[in-house]
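Since the structure is predicted, the reported quantities are computational estimates derived from the model, not experimental observations. Here is the naming used below: chain letters follow the sequence lines, and residue numbers restart at 1 for every chain. All heavy atoms count here, side chains included; hydrogens, waters and symmetry mates do not.
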Amino acid sequence: MAAFLRPGERQSGAFGVSFDTDRDAAAASLPTFNRNEKLALQDQRRRLPVYQHRREILYLVEHHATVIIVGETGSGKTTQIPQYLLEAGWCSHGRMVACTQPRRVAAMTVAARVAEETGSTLGQAVGYGIRFEDVSTPGLTQIRFCTDGVLLQEMLQDPLLTAYSVIMVDEAHERSLATDTLLGLLKKVQRRRPDLRVIIASATLEAERVAAFFDASTVRGAKAGGDDLSKQPALLSVEGRTHSVQIHYLEKPCSDYVRTAVQTAADIHREDMPGDILIFLTGQQECEDCVVMLEEEARKVRAGRAPLRLMPVPLYAGLPAAAQLAAFEHAPRGYRKVVVATNIAETSVTIDGVVFVIDSCYSKQTAYNPLTGLESLLVAPVSKASAAQRAGRAGRVRPGHCFRLCTEADFQALSDATVPEMQRAELSGTVLRLKALGVDNMMTFDWLAPPPAETMIRALELLHALGALDVSARLSKPVGQQLAELPVDPRLGAALLASGRLGCSEEVATVVAMLSVHSVWAGARGERKALEAAKAKFAVGEGDLVTYLNVWKAWQESGRDRRWAARNCLNHRTLLRAADIRSQLCHHLRRLGIAMESCDTEVALLRKALAAGLLMNAVQLVDTAADISDPSSAGVNIYRILRSTGPGPLPKLRIHASSVLARTRPQWLVFWQVQQSSSGWFEMQEVTAIEPHWLPELADHVYTQIGAQRS
DNA sequence: GAGCACTGC
């Protein structure tokens, strides 16, 4: 039984820590809109906390090149500040105010709300831009919400962002790759465009750092040209509207946080405090396991004739959209909803009615090891900032409680903030785009958080291997420039370019599109047998990527039939999105002068094109486990990476169990992704069998030795 | 032997 200290049991100090106003919590992705539904829109606008700061914000934007706004949850900053700027004349002379968001849904929903508040049709004065959808009208649109990725891509055509008078970067504390890249570039643009204003919305924790980064007041020649524009960033804090959340810690560490979460939910339930429960776990499997355990618990509660019944629902990104909706529906009368979620519920979505949060304090995070050049996912403790954000999810409707499944001492040992993605991800795509924007020296670029030098070198190595860089590490023509324009990972872009030479662009476009969406396989709960049978129908010995091609072909032959997809455990909506991406890729390829050709049954050509992109991910089967000291690895397939790695032990690679080649174990293959298991294995998730002599044929500057061995 | 979250003219 999990032992928590409850409010009032003991004086605060040793265990219970009470929260004031969720001050640590990062701002939520969307403000609450319908709190004052009966009021006229303009009255509602004036009731938002940010309205008290309207004049101050406009003054600061007038007089400072950069303004940093710390806006807490529910402050209204996202919807209101762009409107204040519009009203103050920042959209005259045909220029726009841009507001960037890390996520597509946020860009769309916020734009819709602001259009409603300004009494205009979405796409006219107020619009949005996300991949595939530009709902704005050139010459007419004044406020444009877009994803930060869209704005970055726009910079390839308009490096100084001349269409905009103000850029507001929202949710900057999330520190995504795109946000950090954008901020670094905006600092550069400001030197060339003194008229441009930058507003950065960020949580307290990051605000000081961002302010220091944008401080150009000490730079030589920083004196503004005649006007009184300050190059020193202004900092402004806007209070939010959240309720207090009381934090509880475990008295003793737990060994199984899934089980402890179930027990804690049952405890809350038995104590009969009203309100829904939100549990944070790390992955799909954990969520599903937890739901099953909660259902057992619910049966016990029913047997004990408790007044409430439990309604556990899973929530993770890979869940089909229809199943995701269950997490947002109100529980029927007499039921208490328990949402068991991954990180998706931390920032991406908001669930109404949550009063209790149970936090495992773990999540899956990307990690990059520049020595091995392997990017992988692994379970790791969250940061305090992340935990605060999770806790804040309990205080949206009324004062709530957060149960952290660790001791307070263990919690205090967590890092304050999550390491920015820039410092824990593979960076070839970022480096490629920076080069396309004229940033040639990565070491001297003004990074908000500089990535490790080894990571930058690895990125340059990979780009060089793909032919994107010339001998002086500049973007090559035409390959490098073409890769920068393709909206995919450089490795997949290289496969697309190779497919043009090999005559299989139709097939590679399909595979790349399928890799750009969530898994197309549906049927997470209780349908594993059916799912396996469906997969087996399409599986081929050439590997997972060729299997994707078969799935696509069969779906096409069905006439893109929704019922056919359901019968074969395929997610129809995901396939439609893949189709969208595929047609966009074909459009890009044609524009680059690459003919759309099919290799028909010559699948080897497809595999070779994929190998051209994934050539740094080529591995060879080593037949015994003898060279690995771990006894538990005996008899398991072990692969070694063929390219050079840094000093230190070679990574232990094996095929992930989800692969169609998990039992076939081809001698040579390339992989797309790896996941790190708790036992230290790197598990290759999407693999394709290759012929070893292809490697020197495709890249003799990387693989000379294999060619020598084989000839 | 089984799947963090996002994103791209």
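Within the 4.0 angstrom heavy-atom criterion, no nucleotide atom of any strand lies near A:A178. A:L377 comes within 4.0 angstrom of a base, heavy atoms only. Residue contacts shown for A:E485 include a base, since a base heavy atom lies under 4.0 Å away. Across all strands, A:T366 comes closer than 4.0 Å to base atoms (heavy-atom distances). Residue-level contact check: A:T147 touches the backbone only, with heavy atoms under 4.0 Å from sugar-phosphate atoms and none from bases. Base contact: A:V488 has a heavy atom under 4.0 Å from a base atom. Residue contacts for A:I130: at a heavy-atom cut-off of 4.0 Å it reaches the sugar-phosphate backbone alone, with no base atom in range. Residue A:R433 is classed as a base contact, given a heavy-atom separation below 4.0 Å to a base. Within the 4.0 angstrom heavy-atom criterion, only backbone atoms of the sugar-phosphate kind lie near A:T342; the bases stay farther away. Within the nucleic acid shown, A:Q365 has no heavy atom closer than 4.0 Å to any nucleic acid atom. Within 4.0 Å of A:H588, counting heavy atoms only, lies no atom of the nucleic acid at all.
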Exercise. Do A:Q101 and A:T147 pass the side chain to side chain contact (heavy atoms under 4.5 Å, CB included) test, and can you show the C-alpha distance, the side-chain angles, and the key distance before you say yes or no?
Worked result: CA-CA 5 Å; A:Q101 297 291 321; A:T147 54; 5.5 Å; no
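In the set B:dT7, B:dG1, B:dA5, the nucleotide with an atom closest to the side chain of A:R663 is B:dG1. When each of B:dA2, B:dA5, B:dC9 is scored by its nearest atom to the side-chain atoms of A:E532, the top-ranked nucleotide is B:dA2. Checking B:dA2, B:dA5, B:dC6 against every side-chain atom of A:R103, the shortest atom distance belongs to B:dC6. Set against B:dC6, B:dG3, B:dC9, the side chain of A:S519 has B:dG3 as its closest nucleotide.
Between the A:T141 side chain and the A:Q124 main chain, a donor and an acceptor come within less than 3.5 Å of each other. In this structure, A:R95 contributes its side chain and A:T162 its backbone to a donor-acceptor pair below 3.5 Å. Judged by distance alone, the side chain of A:R591 and the main-chain N or O of A:H587 form no donor-acceptor pair under 3.5 Å.
For the pair A:G283 and A:A484, both in contact range of DNA chain B, the more 5′-proximal nearest nucleotide belongs to A:G283. Nearest-nucleotide mapping onto DNA chain B: of A:H518 and A:R591, the residue sitting toward the 5' end is A:H518.
Rounding to whole angstrom units, CZ of residue A:R424 and C1' of B:dC6 are separated by 11 Å. Atom CG of A:L152 is separated from atom P of B:dG8 by 11 Å (rounded to the nearest Å). Nucleotide B:dA5 holds its P atom 12 Å from the CD atom of A:E286, rounded to whole Å. The CG atom of A:L589 sits 14 Å away from the P atom of B:dC9 (whole-angstrom rounding). Between A:Q157 atom CD and B:dG8 atom C1' the separation is 13 Å, expressed in whole Å. In this structure, A:Q153 atom CD and B:dC6 atom P are separated by 20 Å, rounded to whole Å. Rounded to an integer number of Å, the gap from CZ of A:R577 to C1' of B:dT7 is 9 Å. Distance CG (A:N343) to P (B:dC6): 9 Å, rounded to an integer number of Å.
Taking 4.0 angstrom as the limit, A:S348 places none of its side-chain polar atoms (N or O) nearer than this to OP1 or OP2 of B:dA5. Taking only side-chain nitrogens and oxygens, A:S658 never comes nearer than 4.0 Å to OP1 or OP2 of B:dG3. For the OP1/OP2 pair of B:dG3 and a distance below 4.0 Å, the side-chain nitrogens and oxygens of A:Q675 include no atom meeting the criterion. Checking the phosphate oxygens (OP1, OP2) of B:dC9, a side-chain nitrogen or oxygen of A:Q584 falls inside 4.0 Å. For the OP1/OP2 pair of B:dG1 and a distance below 4.0 Å, the side-chain nitrogens and oxygens of A:R654 include no atom meeting the criterion.
Side-chain contact between A:H173 and A:R175 is absent, with no heavy-atom pair separated by less than 4.5 Å.
In summary, A:E171 and A:R103 do not engage in a salt bridge, as defined by a charged side-chain N under 4.0 Å from a carboxylate O. By the 4.0 Å N-to-carboxylate-O rule, A:R144 lies close enough to A:D134 to be salt-bridged with it.
Judged by distance alone with a 3.5 Å cut-off, no donor-acceptor contact links the side chain of A:E154 to the base of B:dC9. Between the side chain of A:K535 and the base of B:dG3 there is at least one donor-acceptor pair of N/O atoms closer than 3.5 Å. The base of B:dA2 does not come close enough to the side chain of A:E288 for any donor and acceptor atom to sit less than 3.5 Å apart.
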